[in-house]
K.L.:
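Got a structure for you, questions after.
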Amino acid sequence: MATLEAPVRPRTSLHQGPFITEPFFDFRNEENARRMRAAIAKVRSQLGREYDLIIGGKRVKTTDKIKSLNPSKPSETVGIHQKANKEHVEPAMKAALEAFTSWSRTAVEERASLIFRVGDLMRQRKMEFMAWLVFEVSKNWAEADADISETIDFCEFYAREALRFAKAQTPIQLPGEHDTLMYIPLGVGAVIPPWNFPCAIMAGMTLASIVSGNTVILKPSSDSPTIAAKFVELLEEAGMPEGVVNFCPGAGASFGDAVVAHPKTRYIAFTGSREVGLHINKVAATQAPGQMWIKRTILEMGGKDAIIVDADADIASAVEGVAQAAFGFQGQKCSACSRAIVDERVYDKFLEQLKARVEKIHVGDVTENAAMGAVINEGSMKTILEYIEQGKKDGRLITGGERATEAGEGYFIKPTVIADIAAKSKLEQQEIFGPVLAVIKAHGFEHALEIANDTEFGLTGAVYTKSRDKIDRAIQEFHVGNLYINRKCTGAMVGAHPFGGFNMSGTDSKSGGPDYLYLFTQAKSVGEKI
């Protein structure tokens, strides 16, 4: 309904000039809250619809289905999806290859214009898209806003970047020659996104692919296929040609593996767990019969992110930053703070204030904008609760530590803080991906840095300190792809914080940054004698 959303901003003012990030809603404004409730009511009326595979523009049904459930209310079906299997790989690849022939030769201005239109349409229906996230992955309103805003930012940013890449020039022109450098598309890409940013990451990898001239086989997470289906509908409405994006939700072990191994797959863009990312990297590195290229992998694989709280830090600010970073979206972010490393001189004071702050977090119905919703599924809930039981043995439970059964039938877990966790222990080293914070005592700043870096991951980190020397040292020595000073370690903004990590956190893809489209293109140099 048009009344739910703000009108699209005029293209001439929006797409000309520098990139600016999409503004967030202030839900303290009652009119914004009213509109969001109306969007939720509209989406609730559409729950349970069935969605088809889309291969070469054709709708395809399968016998096997994927049922997307509301984590806050598992008895409620968000969407029913067809399940792509191995027999769908060849049709999807054929459609993508056929579309690549023309799409790769489509003018970059036309491709960018399509992406701009997608951003315009999503901005117009922003709250409706947010509402789908509320139901499908249990995001509260602010987290849903951040996800959809980032999607719009990717539309705006990557379209501008593609236009910038098209103007690339060689550093010099040799006398008697006309020397040019162009960034051309790679081919057919497999895009395999996660469920935790089911619109932003899914759309970001897809948009970067197609604005660069590639075509895509999109396999969304089985926990969040509905928001991906709504996004593909938007692409079609914006005028995307058939076969440019082929929508194929399916099992990773069957359909996903087969696409990754296919000799015609040119690259794989993946965000997810370390284990799956390493598996994709291994399969992609094996030359299949008929494969003519080295497959490119663009991998984002998680973290075990730490916030260091120095003795001279503003404790109130550090407590707030840690609480937000640890428990925003139930701790289900690869950037989430899962370790607070606190100087022993302020350790007790920090824990006292943190306990009071965390116990104010309301767990409940995100359709009514509770601060924390449910974790994604039953299996995840059981794994998180197992980590909590281990943490109770290894450390001291400060707050939480159990299911929040009073919140409803969903997979709700109380925000949990466990102190006195030893460095190198299970809770301190392994990614939990849930609302569990391990607090570790450090003997000083150098010791804190040592603990922070002693992990196989290297995605995000933060330091709270008033010391310029310690800030400079952290910038030099804290080995993460995204470091924040005196602020939380989540909430990377497109353009300002290019996002991607070191070590087992992935290939440091730096999404939302000026280097990202290089990963989806190859440089062709032409020297023409004149």
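As the structure is a prediction and not an experimental result, all values here were calculated from the model. We use all heavy atoms of the structure for the numbers below, so side chains are in, but hydrogens, waters and symmetry mates are not. For reference, positions follow the sequence shown, starting with 1.
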K.L.:
Do Y516 and K510 have side chains that approach each other closer than 4.5 Å (heavy atoms only, starting at C-beta)?
P.N.:
no
K.L.:
According to the ring-ring contact (aromatic ring centres under 6.0 Å, His included) rule, which pairs have a member within residues 240-290, sequence neighbours left out?
P.N.:
Y267-F520
K.L.:
Is a donor on one side and an acceptor on the other found under 3.5 Å between the side chain of E136 and the backbone of I227?
P.N.:
yes
K.L.:
Can you tell if the side chain of T151 reaches within under 4.5 Å of the side chain of M122, non-hydrogen atoms only?
P.N.:
yes
K.L.:
Indicate yes or no for a side-chain donor-acceptor contact from N70 to the backbone of S72 under 3.5 Å, with no hydrogens or angles considered.
P.N.:
yes
K.L.:
Is the backbone N or O of P185 less than 3.5 Å from a side-chain atom of Q522, with the two atoms forming a donor-acceptor pair by type?
P.N.:
yes
K.L.:
Under the side-chain contact (heavy atoms from CB on, under 4.5 Å) rule, what do R160 and L163 come out as? Steps first, then yes or no, please.
P.N.:
CA-CA 5 Å; R160 284 173 170 79; L163 295 171; 5.6 Å; no
K.L.:
side-chain contact (heavy atoms from CB on, under 4.5 Å) for V494 and E156? Distances and angles first, verdict last.
P.N.:
CA-CA 10 Å; V494 173; E156 295 290 333; over 6 Å; no
K.L.:
Would you please say whether a donor-acceptor pair under 3.5 Å links the side chains of T101 and R105?
P.N.:
no
K.L.:
In terms of relative ring orientation, are F329 and F197 parallel, tilted or perpendicular, with 30° and 60° separating the classes?
P.N.:
perpendicular
K.L.:
Do S104 and I184 have side-chain heavy atoms sitting under 4.5 Å apart?
P.N.:
no
K.L.:
Between E431 (side chain) and G303 (backbone), is there a donor-acceptor pair under 3.5 Å?
P.N.:
yes
K.L.:
Search all heavy atoms of I152 against all heavy atoms of E22 and return the closest pair with its distance.
P.N.:
CG2-OE1, 3.7 Å
K.L.:
Run through Q430, R274, K304 and flag the one making a side-chain hydrogen bond (donor to acceptor under 3.5 Å, both in side chains) with E456.
P.N.:
R274
K.L.:
Looking at R125 and E233, does any basic side-chain N land under 4.0 Å from a carboxylate oxygen?
P.N.:
no
K.L.:
Report yes or no: does Y158 contribute a side-chain atom to a donor-acceptor pair with the main-chain N or O of G512 at less than 3.5 Å?
P.N.:
yes
K.L.:
So does N196 get a backbone contact from the side chain of K139, meaning a donor-acceptor N/O pair under 3.5 Å?
P.N.:
yes
K.L.:
Main chain of D179, side chain of Q173: is a donor-acceptor contact present, judged purely on distance under 3.5 Å?
P.N.:
yes
K.L.:
Evaluate the criterion side-chain contact (heavy atoms from CB on, under 4.5 Å) for residue pair T77 and L69; output intermediate values, then yes/no.
P.N.:
CA-CA 5 Å; T77 299; L69 305 179; 3.8 Å; yes
K.L.:
Go through the steps for V118 and F231 under the test side-chain contact (heavy atoms from CB on, under 4.5 Å), then give the verdict.
P.N.:
CA-CA 9 Å; V118 172; F231 173 73; 4.0 Å; yes
K.L.:
With heavy-atom distances below 4.5 Å as the criterion, would you say the side chains of V134 and W141 are in contact?
P.N.:
yes
K.L.:
Shortest non-hydrogen contact from A258 to K86?
P.N.:
CB-CG, 4.3 Å
K.L.:
Between the side chains of K333 and S335, is a donor N or O closer than 3.5 angstrom to an acceptor N or O?
P.N.:
no
K.L.:
Please say whether the positively charged group of K264, taken as NZ for Lys or CZ for Arg, lies over the ring of F100, i.e. under 6.0 angstrom from the six-membered ring centre and within 45 degrees of the axis.
P.N.:
no
K.L.:
Please report the interatomic distance CG(D257) to CD1(I280), rounded to the nearest 0.5 Å.
P.N.:
7.5 Å
K.L.:
Quick one: pull up SG in C248 and CD1 in I54 and give me the separation to the nearest 0.5 Å.
P.N.:
9.0 Å
K.L.:
Is a side-chain donor or acceptor of T265 paired with a backbone partner of A261 at a separation under 3.5 angstrom?
P.N.:
no
K.L.:
Should the pair R123-D120 be classified as a salt bridge under the 4.0 Å nitrogen-to-oxygen rule?
P.N.:
yes
K.L.:
Measuring from C489:SG to I307:CD1, what's the distance to the nearest 0.5 Å?
P.N.:
4.0 Å
K.L.:
Taking all non-hydrogen atoms of both residues, which atom of G187 and which atom of N214 are closest, and how far apart?
P.N.:
N-OD1, 3.0 Å
K.L.:
Decide yes or no for F457 and D305: does some side-chain heavy atom of the first lie under 4.5 Å from some side-chain heavy atom of the second?
P.N.:
no
K.L.:
Determine whether V43 and E128 make a side-chain contact, defined as any pair of heavy atoms from C-beta on separated by less than 4.5 Å.
P.N.:
yes
K.L.:
Before accepting this row, confirm whether a basic side-chain N of the pair R59/E236 lies closer than 4.0 Å to the acidic partner's carboxylate O.
P.N.:
yes
K.L.:
Can you name the nearest heavy-atom pair linking A168 to Y183, along with the distance?
P.N.:
CB-CE1, 3.7 Å
K.L.:
On a heavy-atom basis, which atom in S138 and which in A374 lie closest, and how many Å separate them?
P.N.:
OG-N, 2.9 Å
K.L.:
Roughly how far, to the nearest 0.5 Å, is the NZ atom of K167 from the CG atom of L181?
P.N.:
15.5 Å
K.L.:
With no hydrogens and no angle check, is any side-chain donor or acceptor of Q82 less than 3.5 Å from a backbone partner on T62?
P.N.:
yes
K.L.:
Find out whether K61 and D52 are in side-chain contact, i.e. whether some heavy atom of one side chain is under 4.5 Å from a heavy atom of the other.
P.N.:
yes
K.L.:
Is it true that K94 and E98 have a side-chain N and a carboxylate O under 4.0 angstrom from each other?
P.N.:
yes
K.L.:
If I take atom OG1 from residue T180 and atom NZ from residue K524, how far apart are they, to the nearest 0.5 angstrom?
P.N.:
9.0 Å
K.L.:
How close do L517 and A208 get, counting heavy atoms only, and between which atoms?
P.N.:
CD2-CB, 3.7 Å
K.L.:
In Å and rounded to the nearest 0.5 Å, what is the CD to CH2 distance from E242 to W103?
P.N.:
13.0 Å
K.L.:
Kindly assign one of parallel, tilted or perpendicular to the pair W195 and F433, based on the angle between their ring planes and the thresholds 30° and 60°.
P.N.:
perpendicular
K.L.:
Are K65 and E50 packed together at the side-chain level, in the sense that at least one heavy-atom pair is separated by less than 4.5 angstrom?
P.N.:
yes
K.L.:
Could you tell me whether the side chain of T490 and the main chain of A325 form a donor-acceptor pair under 3.5 Å?
P.N.:
no
